[in-house]
Amino acid sequence: MTTSTPAQVPDGAEATATAPGTASPAPTPEIRKGLAGVVVDTTAVSKVNPDTNSLLYRGYPVQELAARKSFEEVAYLLWHGELPTPEQLAAQTAVERENRALPGEVRNAILELPTSCHPMDVCRTAVSVMGAHDPSAEDSSPEAEHAKALRLWAMMPAVVALDQRRRRGQQIVDPDEDLGYAENFLHMTFGEVPDACVVRAFEVSMVLYAEHSFNASTFTARVITSTLSDLHSAVTGAIGALKGPLHGGANEAVMATFAEIGTADRAAAWLDEALAGKRRIMGFGHRVYKSGDSRVPTMKKTLDDLVAHLGTDEATALDELYDALEAAMTERKGILPNLDYPTGPAYHLMGFDTPTFTPLFVAARVVGWTAHVVEQRAANALIRPLSQYVGQAQRTVP
Ligand SMILES: CC(=O)SCCNC(=O)CCNC(=O)[C@H](O)C(C)(C)COP(=O)(O)OP(=O)(O)OC[C@H]1O[C@@H](n2cnc3c(N)ncnc32)[C@H](O)[C@@H]1OP(=O)(O)O
Ligand SMILES: O=C([O-])CC(=O)C(=O)O
């Protein structure tokens with residue numbers, strides 16, 4: 001059996017490896033685990049700037065968009081590069097409202113899934129079924145891609161609402177064409193439109209979640225698109241990437257953490273034990289932002305407004321727990337909250353079930369993913385990095 005150490009060269013780079021008969025070792029390639037710090041392509045969709053703690057959607061600060069624009073306007077901006085004129089918005093709104101109801105095949109596919117599966121599995125399956133039935137699934141012209149993105153975005157609230165309601169044993173609520181996106185989403189989920197403060201908080205969260213450059217799920221969508229696969233496949237894969245607790249799944253995990261801690265006075269002791277056990281504290285830390293997530297101040301203010309508006313003991317206690325854990329984590333580790341930290345309790349106070357939180361992220365991020373699908377396709381190169389082989393050296397089959 002051969003026991004020699006394999007050559008330390010990336011696959012595809014054999015030509016530069018040690019030449020036969022020479023002793024000089026091949027240079028060890030630099031590996032950036034998790035592609036940390038690696039710039040893999042350009043984008044004009046959004047700019048994340050950790051130095052200034054800022055996030056721009058097509059050049060506009062996200063905080064200003066959240067304060068002054070509807071989610072529908074922000075979706076148009078991300079897809080088309082400019083804010084819509086009233087006519088452009090009206091045309092988009094008409095299509096969105098026409099496509100809110102789920103086609104029978106999507107609704108049936110959801111209803112056949114067991115309620116024991118995670119709601120993210122339902123989202124992933126629903127988008128896959130939408131793709132299988134979409135008449136222009138294989139048309140990748142920019143016009144067809146935008147039309148598919150718009151239909152997909154229009155249908156996602158019905159997927160999320162239907163799934164939460166069926167798990168609660170409630171009747172399905174049909175969409176209401178007279179309501180805006182956020183109001184209709186809440187109407188389909190809860191059977192009524194909550195008051196304006198709750199609707200506003202929900203809409204702000206959708207705007208903040210809509211896009212964030214080359215995060216793991218968007219990169220997944222771009223990798224899938226780079227093979228010239230279709231838009232629904234890219235979004236289906238992106239949903240799989242978002243499900244994980246190191247990414248979108250953290251908003252759900254934050255509520256699990258709060259439930260485990262219980263009350264604010266226990267936060268510091270709980271954290272010490274969790275850190276001693278080498279646990280990851282969900283909702284804290286970020287690959288790009290190291291001194292705070294640009295979106296957190298806006299969402300925390302929105303959460304505080306919601307808490308004040310609701311005025312319940314539960315809401316106040318949850319906000320106190322939020323502050324206590326953040327203070328302890330900042331003091332112990334200097335690691336700050338990411339957007340999933342304030343959205344978790346905000347969605348809880350709006351009345352969503354905890355497993356529904358990450359699907360809400362999907363409903364918003366579908367805009368960013370599809371904007372990136374179009375951008376990737378417009379200047380495509382197959383995404384296929386190299387790896388450094390560290391397994392067995394070549395050997396003979398016995
Ligand atoms: C919308 C979003 O998707 S935002 C991200 C949502 N995800 C979470 O909230 C999950 C919790 N957070 C994390 O796991 C991480 O902060 C990540 C994965 C988001 C980013 O992490 P990375 O940039 O890859 O940093 P990395 O995982 O290498 O951590 C660096 C150090 O900080 C520590 N650290 C980072 N985040 C956390 C955390 N949340 N809890 C405890 N320790 C943490 C790590 O243990 C590591 O410490 P070490 O150097 O002593 O080993
Ligand atoms: O950018 C990231 O890595 C994760 C994130 O905050 C997001 O996708 O919104």
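For this chain, numbers begin at 1 and follow the sequence in order. Indexing begins at 1, ligand by ligand and atom by atom, following the structure's order.
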Pair W153 and F71, ring centroids less than 6.0 Å apart: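 Yes; F71 has its ring centre under 6.0 Å from that of W153.
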Using a 4.0 Å heavy-atom cut-off, say whether [X] meets ligand 1 through its side chain, its backbone, both or neither.
X: K290; result: side chain
X: P245; result: backbone
X: H286; result: both
X: L339; result: neither
X: Y341; result: neither

Write out the residue and atom name of the closest protein heavy atom to [atom], then the distance separating them to 0.1 Å.
atom: atom 1 (O) of ligand 2; value: H212 ND1, 2.7 Å
atom: atom 4 (C) of ligand 2; value: H286 NE2, 3.5 Å
atom: atom 8 (O) of ligand 2; value: R365 NH1, 2.9 Å

Any N/O pair R295/ligand 2 closer than 3.5 Å: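 Yes - when backbone and side-chain N and O of R295 are compared with those of ligand 2, one distance drops under 3.5 Å.
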Shortest heavy-atom approach to [atom] - which of [options]:
atom: atom 4 (S) of ligand 1; options: N215, L208, T358, N338; value: N338
atom: atom 29 (O) of ligand 1; options: R295, R280, M329; value: R280
atom: atom 42 (N) of ligand 1; options: L246, I335, L336; value: I335

Y181 and F185 aromatic ring geometry - parallel, tilted or perpendicular at 30°/60° bounds: perpendicular
Atoms in ligand 1 with a heavy atom of A250 nearer than 4.0 Å: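 Counting from 1, the qualifying ligand atoms are 6 (C), 7 (N), 8 (C), 9 (O).
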Whether over 12 other heavy atoms sit under 6.0 Å from R68 CZ: no
